[in-house]
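Sequence positions, counted from 1, serve as the residue numbers for this chain. The structure displayed is predicted, hence computed values, not measured ones. Just follow the structure's listing: the first ligand is 1, and inside any ligand the first atom is 1.
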Amino acid sequence: MVIRGQKKAVFVHGCFWHGHKGCPRAARPETNRVFWDKKIDGNMARDRRNLRELKKEGWSVLVIWQCQTKDETALMRRLQRFAEKE
Ligand SMILES: [Zn+2]
């Protein structure tokens, strides 16, 4: 999601696939542990790389985790603050 006319981008990350730290939804399966660690750690590394690149190019980035979308009021406030930020 990109806010038109501004260099601002919003990402919504699934807690499991993007490895939300400390989040119950991000618990990794016990079976095929090596596979999941590799897969999700890889996603997390890619996310960090992407964010770094965007910031280097002057983008403001807001990451919202899937578990944070449940509280719609809080979510809308965050989006609004982010959109209004200089
Ligand atoms: Zn989460």
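- Results of the side-chain contact (heavy atoms from CB on, under 4.5 Å) test with M44 over H18, K21, K39 single out K21 as the only residue that passes.
- Applying the side-chain hydrogen bond (donor to acceptor under 3.5 Å, both in side chains) criterion to K56, with sequence neighbours excluded, gives E53.
- Remark: E84 does not engage R81 in a salt bridge, criterion side-chain N to carboxylate O under 4.0 Å.
- Listed by chain and number, C15 SG, H20 ND1, C23 SG, C67 SG are the protein N/O/S atoms closer than 2.8 Å to the Zn ion (ligand 1), with waters left out.
- By the side-chain hydrogen bond (donor to acceptor under 3.5 Å, both in side chains) test, D71 is found to be paired with no residue, residues two or more places apart in sequence or in another chain being considered.
- Using a cutoff of 4.0 Å between basic side-chain nitrogens and carboxylate oxygens, R28 and D41 are scored as salt-bridged.
- Not counting sequence neighbours, H20 has no partner by the side-chain hydrogen bond (donor to acceptor under 3.5 Å, both in side chains) test.
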